[in-house]
Amino acid sequence: MEKIEVRLDNKEKRLIPSGISIKEALEYFKKNPKEWVAAKVNGEPKDLSFRLNSPCDIEPIFPDSPLGLEILRHSTAHVMAQAVKSLFPEAKVAIGPPIENGFYYDFDYPPGFKQEDLEKIEKKMKEIILQDLPFQRKELSKKDAEELFRGMGETYKLEILEDIPEEKVSIYQQGDFIDLCRGPHLESTGKVKAFKLTSVAGAYWRGIETNPMLQRIYGTAFFNEADLSLYLSSLEEAKKRDHRRLGRELELFTQFEEIGPGLIVYLPKGGVLRHILEEFEVREHLKRGYQLVMGPQFLKIDLWKKSGHLDYYKENMYFTEIEGETYGIKPMNCLAHILIYKSKIRSYRDLPIRYFELGTVHRHEKSGVLHGMLRVRQFTQDDAHIFCRPDQLISEIKGVLDFVDDVMGIFGFEYEVELSTRPKKSIGSDDIWEHATSALTTALKEKGLRYDICKGEGAFYGPKIDIKLKDALGRKWQCATIQCDFALPERFDLGYIGSDGKRHRPAMLHRVILGTLERFIGVLTEHYAGAFPPWLAPVQVSVLTVTDRGIPYGKSVYERLFDEGFRVEVDFRNQKLGYKIREAQLKKIPFMLVIGDKEIESKTVTPRARSGKNLGTMPLQAFIDLLKEEAKIPTPKGDKAN
RNA sequence: GCUGGCGUAGCUCAGCGGUAGAGCAGCUGAUUUGUAAUCAGCAGGUCGGGGGUUCGAAUCCCCUCGCCAGCUCCA
């Protein structure tokens, strides 16, 4: 029999008979195939049943690897599809990939799946797992595959087949269930150990709104029950960080059904938090050469026509009529800034000009997309528009990227960067889009930032760099964005006088750093799980008396702290100290000051940090010094103003 | 907007055809307490809103509003 050389993990080599499966080949390496989910052959993931016909390198795919989990989840999706087809034969299968924390499978089943159907499906899946059916791979020509799926009435699979360029495709079969699939898979259904179906939701076929809506069942799977329950309990933990819950519990912000969806109300504690952020923002912008401006809330409709918003953004805008004249309520702040720029003749020496505004805008968002503070209909952006000479553009973009990095560093956020290119609905020539996109790309490259490209996701007037932060459940939210725009300067005929005495066109950047205060406060609340650092905490100190005897001295401590400018409150109630501490702790107040007989007598305080640490009895002044240090408003690294 | 789910006291939730319940929070009283819950009493709801079925609806049906998960869209 012919032998081939197989190398394992780039190390051990063995001569094995040609044509045997990976599983069989492992015996030659004295490896236990039970520990392998699948294997990579020359870097390509393959089933353990894959037959080795030529010399190759193989590497294990272990259960604890991301790829191992992916294969498990993909196979679990197939098991689920088999269960669904056996319980609901009229359902058609669409696609069923593994995703970040699990998998889903889409079905065309017009009656829709009910919550209780999930239980039935789970039960059926368990039966299929007990049957331990092998996942069998077959390769066949596209034509044969088309015939097969046409015979089965699986029209979505036929559509998928149309898009596959290769002549040969693979199918997987377990029991009577056949699916078009690239693989690889587990050896058999019995290898699926711990899984749970989590939810049903509608999903448009191929993600296109005009396509039919399919039923998507989400689930997750792990190699053992312990990992599954760990994952499920981490989801429960994440729910405790949900800003909507913390917003209510900590009395930061809320919404009222009577007021309307997507409209935020700041409660006193949230009002303070927002004010601190606003002051921080203004200071940081002034320091970086931005000028504070303010535009009105609504502007005449002709202006929106001129800018292109009426043609490209109308669905997101609100309108109002005043004395027969129609006004558009601003969804963006750029127009007033453009008019401010245009209100004078500008010299090349004046540039760059950076106008900053905490601008409140209104956008009509579809009801289904609203989400706490993270997606609302009225929000305030930390918005600026930078007008600069073309030769300044890249350094301005880099300056904004630095600004973003500084600020995210202060809050301790990790972020992801995306570059979004020209969308279908957009204004301006190909030429200026290319120019704008290359400016953004150059700046990103020069900064050495890693980024993903989102094709066709740009704004209608220009490409953009988006900075994404994650919420407690790992969902990504766009916060900072830098948008490069040559279109609006052209539409508004902006100009400056160059050193040559001639008129030139400035470039324009639209940019936000935190993004919007609403969204940022939302993700920030989840990021800190409500335990804001002292400089942001709505209440920094709570003064707690042990008995009523402490009230007069406690009052004087409170007054002193208040006069020093700290955000302080008292708890003089007739309650045990433990009770008051528990309450302050639940309110996530950074410092508690315990006032008992000892402190009254020696004119001291005993601070307890939110961490639970007793800082020891000290003179009030010592605590004030400590708090001043702890609550100092942070300034970015290397900041001269510090 | 679409698909599925959920709206009962300030909060978390039970009740799911027979005249509204618990815990926490609130109020009152007692207790004067040293680092995450002292005890007792009281009060609190047109069961999201509207319509219908029924002798009788929080409970069943229809409409509507809001919320949650996801899809599409986006700061």
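Quick caveat, the model's predicted, so the values are computed rather than measured. Reminder, nothing fancy here: chain letters follow the sequence lines and each chain counts from 1.
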Nearest-Å distance for atom pair CD/C1', residues Gln483(A) and C74(B): 11 Å
Phosphate OP1/OP2 of U38(B) contacted by Lys576(A) side-chain N/O (<4.0 Å): yes
Close side-chain approach of Phe623(A) and Val541(A), heavy atoms under 4.5 Å: yes
Touch class at under 4.0 angstrom, heavy-atom based, for Phe379(A) against every strand present: base
4.5 Å side-chain heavy-atom contact, Thr604(A) and Leu620(A): no
Distance, rounded to the nearest Å, where Leu374(A) contributes CG and C73(B) contributes C1': 16 Å
Touch class at under 4.0 angstrom, heavy-atom based, for Lys580(A) against every strand present: nothing
Nearest listed nucleotide, side chain of Val369(A), among G70(B), C74(B), U72(B): U72(B)
Base of A75(B) and ring of Trp477(A) stacked, centres under 5.5 Å, planes under 30°: no
Sugar-phosphate, base or nothing in reach of Gly112(A), heavy atoms under 4.0 Å: nothing
Nearest-angstrom distance from the residue atom CD of Glu249(A) to P of G10(B): 17 Å
Contact nearer the 5' end of RNA chain B, comparing Arg549(A) with Leu370(A): Arg549(A)
d(OH, Tyr313(A); P, C73(B)) in whole Å: 14 Å
P-based separation of C11(B) from G56(B) [nearest Å]: 33 Å
Heavy-atom neighbours of Lys468(A) NZ exceed 12 at 6.0 Å: yes
Spacing of Leu577(A) atom CG relative to U32(B) atom P, expressed in whole Å: 16 Å
Side chain of Gln255(A) (C-beta onward), nearest among C67(B), G4(B), A69(B): C67(B)
Length of the CZ-C1' vector between Arg206(A) and C73(B), whole Å: 20 Å
Residue Arg248(A), side-chain atoms from C-beta onward, closest of U12(B), A69(B), G34(B): U12(B)
Sugar-phosphate, base or nothing in reach of Tyr218(A), heavy atoms under 4.0 Å: sugar-phosphate
Phosphate-side-chain proximity, Arg377(A) and C74(B), N/O vs OP1/OP2 below 4.0 Å: no
Watson-Crick or G-U wobble mate for C47(B), both contacts under 3.5 Å: none
Sugar-phosphate only, base, or nothing, as touched by Gln215(A) at under 4.0 Å among non-hydrogen atoms: sugar-phosphate
Touch class at under 4.0 angstrom, heavy-atom based, for Val361(A) against every strand present: nothing
Short side-chain N/O contact from Tyr579(A) to OP1 or OP2 of A25(B), under 4.0 Å: yes
Phosphate-side-chain proximity, Thr481(A) and A75(B), N/O vs OP1/OP2 below 4.0 Å: no
Residue Tyr204(A), side-chain heavy atoms: nucleotide from U12(B), G34(B), U72(B) that is nearest: U72(B)
Whole angstrom value for the distance that separates C1' of A37(B) from CZ of Arg582(A): 5 Å
Touch class at under 4.0 angstrom, heavy-atom based, for Lys464(A) against every strand present: sugar-phosphate
Residue Glu365(A), side-chain heavy atoms: nucleotide from C74(B), G34(B), G1(B) that is nearest: C74(B)
Protein-nucleotide distance (Ile208(A), atom CD1; C2(B), atom C1'), rounded to Å: 15 Å
C1'-based separation of G15(B) from G21(B) [nearest Å]: 7 Å
Among G70(B), U38(B), C68(B), the nucleotide that comes nearest once only the side chain of Arg244(A) is considered: C68(B)
Short side-chain N/O contact to A69(B) OP1/OP2 from His371(A), under 4.0 Å: yes
Which nucleotide in G34(B), C71(B), U38(B) has an atom nearest any side-chain atom of Arg216(A): C71(B)
4.5 Å side-chain heavy-atom contact, Glu237(A) and Lys240(A): yes
Trace of the ring pair (Phe, Tyr, Trp, His ring centres under 6.0 Å) decision for His285(A) with Phe403(A): CA-CA 9 Å; His285(A) 278 85; Phe403(A) 194 171; 4.8 Å; yes
Base paired to A20(B) (Watson-Crick or G-U; both N/O distances under 3.5 angstrom): none
Between Phe88(A) and Phe113(A), ring centroids under 6.0 Å: yes
Residue Thr547(A), side-chain heavy atoms: nucleotide from U32(B), G70(B), G34(B) that is nearest: U32(B)
Any donor-acceptor N/O pair, Arg363(A) side chain to Asn316(A) backbone, under 3.5 Å: no
Touch class at under 4.0 angstrom, heavy-atom based, for Leu586(A) against every strand present: base
Nucleotide opposite U38(B) in a Watson-Crick or G-U pair, distances under 3.5 Å: A30(B)
Min side-chain heavy-atom separation Phe591(A)-Leu627(A) under 4.5 Å: yes
Touch class at under 4.0 angstrom, heavy-atom based, for Val512(A) against every strand present: nothing
Touch class at under 4.0 angstrom, heavy-atom based, for Arg475(A) against every strand present: sugar-phosphate
Closest nucleotide among C65(B), A25(B), C67(B) to the Glu257(A) side chain: C65(B)
Options C65(B), A69(B), A75(B), nucleotide nearest the side-chain atoms of Thr516(A): A75(B)
C71(B) versus G10(B) - spacing of their P atoms, nearest Å: 34 Å
Span that lies between the C1' atom of U19(B) and that of U46(B), in whole angstrom: 14 Å
